[in-house]
Trainee: 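What follows is a single structure, and I will ask about it in a moment.
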Amino acid sequence: MQVARILESEIRSGVWKPGSAVPSVTVLYQRFEIARTTASKAHARLAERGMAVPSPGIGMIVTPRARWAQPED
């Protein structure tokens, strides 16, 4: 959940813009020193929140801002 929140914050702040790829599971597990399954769950959380969608051969792509769920407290 923490990794997903960090990615969500980075997306909202413009680090990852709509249409760009979110860091891969491999990059996430290396960056945060977490298990691959945890990194996969972070991707799944972004998809649940409407912030990213899977794209075959590319990875997770940031969606347009209008599709994003409101930030959680």
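Side-chain atoms are counted along with the backbone in the values below, which use heavy atoms only and exclude waters and symmetry mates.
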Trainee: Identify each donor-acceptor pair in which a side-chain atom of residues 8-16 lies under 3.5 Å from a protein atom, sequence neighbours left out, and give them as a table.
Mentor:
residue: Glu8; atom: OE1; partner: Arg49; partner atom: NE; Å: 3.2
residue: Glu8; atom: OE2; partner: Arg49; partner atom: NE; Å: 3.4
residue: Glu8; atom: OE2; partner: Arg49; partner atom: NH2; Å: 3.2
residue: Glu10; atom: OE1; partner: Trp16; partner atom: NE1; Å: 2.9
residue: Glu10; atom: OE1; partner: Arg31; partner atom: NH1; Å: 3.3
residue: Glu10; atom: OE2; partner: Arg31; partner atom: NH1; Å: 3.4
residue: Glu10; atom: OE2; partner: Arg31; partner atom: NH2; Å: 2.5
residue: Arg12; atom: NH2; partner: Ala69; partner atom: O; Å: 2.4
residue: Ser13; atom: OG; partner: Ser9; partner atom: O; Å: 3.2
residue: Ser13; atom: OG; partner: Glu10; partner atom: O; Å: 3.1

Trainee: With sequence neighbours left out, what residues match Arg65 under salt bridge (charged side-chain N to carboxylate O under 4.0 Å, His left out)?
Mentor: none
Trainee: Taking the side chain as every heavy atom from C-beta outward, state whether Val53 and Arg67 have any pair of such atoms under 4.5 Å apart.
Mentor: yes
Trainee: Taking the side chain as every heavy atom from C-beta outward, state whether Leu28 and Leu7 have any atom pair closer than 4.5 Å.
Mentor: yes
Trainee: Quick one: side chain to side chain donor-acceptor pair (under 3.5 Å) partners of Thr26, sequence neighbours excluded?
Mentor: Arg36
Trainee: Tracing side-chain links under 4.5 Å among I, L, V, M, F, W and Y, which residues wind up in one group with Met1?
Mentor: none
Trainee: Flag yes if Ile6 and Met51 sit in one hydrophobic cluster, no otherwise; membership is Ile, Leu, Val, Met, Phe, Trp, Tyr, and two members link when side-chain heavy atoms are under 4.5 Å apart.
Mentor: yes
Trainee: Find out if a path of hydrophobic residues (ILVMFWY) with successive side-chain heavy-atom gaps under 4.5 Å connects Val3 to Val25.
Mentor: no
Trainee: For Gly50, is there any backbone N or O sitting under 3.5 Å from a side-chain donor or acceptor partner on Thr63?
Mentor: yes
Trainee: May I ask you to decide if Val27's main-chain N or O and Ser24's side chain share a donor-acceptor pair within less than 3.5 Å?
Mentor: yes
Trainee: Assess whether side chain to side chain contact (heavy atoms under 4.5 Å, CB included) is satisfied between Val22 and Ile61, documenting all intermediate values.
Mentor: CA-CA 6 Å; Val22 176; Ile61 303 298; over 6 Å; no
Trainee: Name all residues meeting the side chain to side chain contact (heavy atoms under 4.5 Å, CB included) criterion together with Pro54; count only those two or more places apart in sequence or in a different chain, and write none if there are none.
Mentor: Met60
Trainee: For the backbone of Gly59 and the side chain of His43, can you confirm whether one donor and one acceptor N or O come within less than 3.5 Å of each other?
Mentor: no
Trainee: Looking at Pro18 and Pro64, what are the two nearest heavy atoms and their distance?
Mentor: CB-CA, 4.0 Å
Trainee: Within this structure, what is the CD1-CD distance for the pair Ile34 and Gln2, rounded to the nearest 0.5 Å?
Mentor: 10.0 Å
Trainee: Which residues pass the side chain to side chain contact (heavy atoms under 4.5 Å, CB included) test with Ala44, not counting sequence neighbours?
Mentor: none
